Amino acid sequence: MKKNSKADYYNHLKIEKKWQKFWADKKIYKTTDDTSKPKSYVLDMFPYPSGEGLHVGHPKGYIATDIYSRFKRMNGYNVLHPMGWDAFGLPAENYAIKNKVNPEIAVKKNIKYFKSQLEKIGFDYDWTHEINTTDPKYYKWTQWIFLQMFKKGLAYESWEPINWCPSCQTGLANEDVEDGKCERCDSVVVKKPMRQWVLKITDYADRLLKDLDNLNWPESIKESQRNWIGRSEGSEINFDINKKYKFVLLHGWKSTGKDCFLPWLKAELEKRGHEVVAPDMPHPFLPDVVEQARFVLDKIKFDENTILLGHSLGSVVSLRILEQLKTPIKKLILVAGLMEPKFKDKERMMAKYLMSWKFNFDKIKKNAGEVVLLEDTNDVLIPSGEADTLQAHLGGSVFKLEAEKSHFCGRVEPTVLEHCTDQIKIFTTRADTLFGATYLVLAPEHLLIKKYENQIENIKEVKKYVGLAKKKNEIERTAEDKTKTGVELKGLKAINPTNGKEIPIWVADYVLPDYGTGAIMAVPAHDLRDWQFAKKFNLPIETVIHPTDTAKTLFIIESLADGWAEEFKKVGAKIEPWEDWGVILRFPAKMIDKVASLGQKLLKEGNWYFEINGAKNLIIFKQAIFDLNKGESEKAKIYGRKVGVAEAQLDWDKNPNPELYTGKGTLIYSGIFSGISSEKAIPAITKFVRGKIAVKYKLRDWVFSRQRYWGEPIPIIHCEKCALNNPAGRGIVSVPEKDLPVVLPKVKSYAPTGTGESPLADIKSWVNVKCPVCGDKAKRETNTMPQWAGSSWYYLRYIDPHNNKELASHSKLDYWLNNGVDMYVGGTEHATRHLIYARFWHKFLFDLDVVKASEPFQQLKNQGLILGSDSRKMSKRWGNVVNPDEVVKNYGADTLRVYEMFMGPFEQSATWSTDNMIGSRRFIERIWRLASKVGKKTDQVNPELEILFNKTIKKIGEDIDNFSFNTAISALMILTNSLEKEAGISPEKWADLLRILAPFTPHLAEELWQKAGYKKSIILERWPAYDSAKLVSAKAIIAVQVNGKVRGEIEISNEMDESAVVKIAIENEIIKKWLIGQKVKKTVYVKGRLLNFVV
RNA sequence: GCCGAAGUGGCGGAAUUGGUAGACGCGCACGACUCAAAAUCGUGUAUCGCAAGAUGUGAGAGUUCGAUUCUCUCCUUCGGCACCA
């Protein structure tokens, strides 16, 4: 008390209040749009203003951005560091329901409290940029963005079953569900079919994934997003269904024999077991349709199992035939069909006069069964749109395709074949295992089950299973110890396209309806789930992949010259005779190199060898000679197959007890693909079975409707009259932009109705409106947007928060967001929701040319949690919440700031300890006391201090840039410790210290700055520069090692070269002791660090 | 199961183009100041050992003159995804 007069006492309450008022009065932190300066946009994830207020964990990120933004200001940047409120959402609404008050009121109160808490910590926010997502002036633009998405087809209505939380009484997005439970309340989510608005985020899946690579974000967040998007590349492959039909194929004008795809189609269909008749028509060069129809009817019987296919003029014949039938056929396929003489070439226009073009379409329609119309988009003979005309008379489905040759004149027309047979499309990432597909599995929701209802023998059993599966919720369906259930669709079989084998079709709930095609091929030998299923239901298991690294390698030669057998045995080969013409050598894969070099020697002695497809198979032929160096490997392979090498491989590894192997490897038992690697087989087999490479994502479209009150109304109007006028548009009319915002009305009851309608539906005066298009009676959409809507674009509004013409001015957006937000800080909990949604919206706005950069947040940092003193998450439930107001009151805002930054690495979680905080308080008080030394004369100048100052200034700058605040503060403490040892501090050094301290402890720095006689705010000062020539001291103490162990220390000066340093070292008494009697083999000198003697 | 991050004193943590492990802070011990206490200041503080010295960064191996840092195998903790074909 005697030493410290009252005025000298560090009174944090007084000082902090004083400077907070000063900053506010002088508008120190006002952001300007001065575009001559470089900009730095520093952003915090804005809080949801809950009733509980902030706890000490919340400000951790805000303190970091505050330090960072102050540092940027001092380095000449124009800084935007705003704050606002994400205030829509369930807690406010639930509070409103309970207390029967408008949530607006609670939100206002909470914001006021939050703001007062933040202001006490001394942040440099420019409050003139404050925003609130529940302000109609703000959500006007949220609605506007929604409308732009609607216009582009990215917002659509859907009736698909969605996740419904029975407790929150609202639909949820996929992202809101964790382990089948509602993320918010932990209730088990159920599937509920209902009308909802959905945003097509999947259109952006590829870009959302790719652009992650260039972001300066924590790897873990990027990885989470990659997992969430879940891209997988695979193949879509069609499996024919084995229903056998009688096909009647009718060719067109002149298109007989080889000029047409029909012979090929006939062969393909016959291969699949169908009966096919393809008659050659009479007078093909001068056709008479009536005559041809009669000809066919005389020759061929039609029944309910017949499929009639007509190509070109053959389609006209088909129509004539159908007119005359007594009973309907199965299916009519018209390929490049026509019903009027509309040929483009003159010769064929004769047809107009050759025959009658009048048809009894009622009769035809009755007899046609299922109708399929195929049109070539590049048809040179008949005009486009003919299929549509036919459809108008016959019904059925039109497919507009690109034929192999115009007018379907290719000799091979796969698309036609596809429409002839019924198929199941599957998605697989392992097309290499296709030969091992022994059954198919459909999801219970698969449409095919309904289509084949009449042909499934056990349809009752199937329907029962499907019904049960649909009732199950996500948890029941996926968890349950993963026990497999399922039912076979009896009477139906699929055909494995690789080998034509019939395989059973099952329905099982382990196949999900909304991923891939909702159907899979099951390869039990190489997939765990299929394996479990096959074991349970006793389905065949066929091994087709062998692990490459453990594979025995096969080696076939015709005969071995003398001595060679011995050579091969030496490298571990076993030799057996093969067939009646050669021998097989088997050897472990790891010996491949040695065997190969023996093979090389054989080659030189006049034998020839080749390697099949890079698999570790070595095959030598004596009689056939193929020189691989002359590019004859293909020929050699063909020869190999001819002499049965591929077959030999099939026999080689037959295992009566197949085992599960899910890895990739070398193909076996896969026909001509045997011996090649999985990687090569995937595209090759896909092509072989006419599948196509396809990409699937796990990401689902964003369910955007909430059946709750407290959210942005979706700006859509439903009009029945418009729906009648234009059925395709379904009467969905967007609210005209001039009528935005659609303001959330006041209601009597905020409680959700539970019926899937929002409480807004009850307000007749609000719901009933005039249709903006036709003026008729219409109704407003009553769903609201999810909480994530407002936060998906808020960083844009901060830039120009009061603009009532646009969401923000173009020029300001260009300046502040030319490369996105520079620094974004928040918690990891937003990895797969806010951060994906915001990227999606930003990319959409980028496509609209609203923003310049394709990504919103260039750099992202995640703050670690602050846990309660019991190491649990701070929560009212545990009673471990610490209110920053208390800490600020008792220890001061600056102490809180230093402590939170010094607790540990920024991204790591740390346990709160009020005891530990005392260190930060002491540090601040030590600096306070240091002020008394300023200007006092020092006895002698300390050159080391100069070095330390320069080093510290450099380090702090780098550390702030890297968010390494804990080490920055440590460096400040080291500097302070050394200054305490000085008798006096020069005013210049003092000013430097205060300036590097200012971002961390702004109140303290301002106070001491003012005391030192400066008038302007310290935050307007420039960051001190360091002298890079003064970073290393002239003298250094280095370690001396003997054989890598530290044995002593010596003092050297920096200019000394190695020999000088060695000289000092060997004269050192302690070192000497370790070198006596030893011979120094080598010395290693690391400049300024250490010297090592190797003895 | 797949992917990612991490494991260092009593505690929070520091140190990476491979170069003195434990900076800085908390705590603790002793001392100074005081009638006394608090505050403050000083000294010490990885482990074993009186010492010389030995050991030591989750475990084990390897590369190297030298490894917390690089390679391999394994263990533990945390996070993401998960019947996703």
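Labels below follow one simple rule: chain letters A, B, ... track the order of the sequence lines, proteins then strands, and each chain is numbered from 1. None of these values were measured; they are calculated from a predicted model.
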Exercise: do [X] and [Y] side chains pair donor with acceptor under 3.5 Å:
X       : Y       : result
A/T202  : A/Y697  : no
A/T828  : A/N862  : no
A/T429  : A/E233  : no
A/S1059 : A/Y1085 : no
A/T498  : A/N496  : yes

Separation of [N] [atom2] from [X] [atom1] (nearest whole Å):
X       : N      : atom1 : atom2 : answer
A/K951  : B/rA14 : NZ    : P     : 19 Å
A/W928  : B/rA39 : CH2   : P     : 21 Å
A/E1058 : B/rG19 : CD    : P     : 18 Å
A/N862  : B/rG79 : CG    : P     : 15 Å
A/D915  : B/rC28 : CG    : C1'   : 13 Å
A/K1087 : B/rU20 : NZ    : C1'   : 18 Å
A/F1000 : B/rC24 : CZ    : P     : 18 Å
A/D432  : B/rA85 : CG    : C1'   : 13 Å

Over all strands shown, is [X] touching base, sugar-phosphate only, or nothing at heavy-atom distances under 4.0 angstrom?
X       : value
A/I426  : nothing
A/E219  : nothing
A/S224  : sugar-phosphate
A/N966  : sugar-phosphate
A/N1092 : base
A/Q908  : sugar-phosphate
A/N977  : sugar-phosphate
A/K1073 : sugar-phosphate
A/R226  : nothing
A/L1090 : base
A/T828  : nothing
A/P218  : nothing
A/W912  : nothing
A/R700  : base

Presence of salt bridge, [Y] and [X], under 4.0 angstrom:
X      : Y      : answer
A/K955 : A/E958 : no
A/K696 : A/E236 : yes
A/R833 : A/E183 : yes

Check for me whether A/K861 meets the cation-pi criterion with A/F963, that is, NZ or CZ under 6.0 Å from the six-membered ring centre and within 45 degrees of the ring axis. yes
Please measure how far the [atom1] atom in [N] lies from the corresponding atom in [M], and state the result in whole Å.
N      : M      : atom1 : answer
B/rG13 : B/rG62 : C1'   : 30 Å
B/rA14 : B/rA46 : C1'   : 15 Å
B/rC26 : B/rU20 : P     : 26 Å
B/rG27 : B/rC75 : C1'   : 31 Å
B/rU17 : B/rU69 : C1'   : 11 Å
B/rA32 : B/rU77 : C1'   : 46 Å
B/rA5  : B/rG10 : P     : 29 Å
B/rC30 : B/rC78 : P     : 39 Å

If [N] has a Watson-Crick or G-U wobble mate with both distances under 3.5 Å, name it; if not, just say none.
N      : result
B/rC78 : B/rG4
B/rA29 : B/rU43
B/rA38 : none
B/rU71 : B/rA61
B/rA51 : none
B/rA21 : none
B/rU16 : none
B/rC83 : none

N or O in side chain of [X] less than 4.0 angstrom from [N] OP1/OP2:
X       : N      : result
A/R231  : B/rC81 : no
A/R1089 : B/rU20 : yes
A/T967  : B/rG13 : no
A/R1047 : B/rA54 : yes
A/K698  : B/rA82 : yes

Would B/rG9 be called syn or anti here, given the cut-off of 90° from 0? syn
Taking the minimum atom-to-atom distance to the side chain of [X], which one of [options] wins?
X      : options                : answer
A/F902 : B/rC3, B/rG12, B/rC41  : B/rG12
A/I520 : B/rC24, B/rC3, B/rA85  : B/rA85
A/E223 : B/rA23, B/rG4, B/rC26  : B/rG4
A/R929 : B/rC65, B/rC81, B/rU40 : B/rU40
A/I918 : B/rA14, B/rU55, B/rC26 : B/rC26
A/R922 : B/rC24, B/rU40, B/rA85 : B/rU40
A/T428 : B/rA85, B/rC81, B/rG25 : B/rA85

How do A/G1044 and A/I974 order along RNA chain B: which one's closest nucleotide is nearer the 5' end? A/I974
Closest-nucleotide mapping onto RNA chain B: is A/W1074 or A/E925 further toward the 5' terminus? I mean the 5' end. A/E925
Chi angles and distances behind the salt bridge (charged side-chain N to carboxylate O under 4.0 Å, His left out) call for A/R926, A/E980: CA-CA 8 Å; A/R926 293 229 294 271; A/E980 274 179 338; 3.0 Å; yes
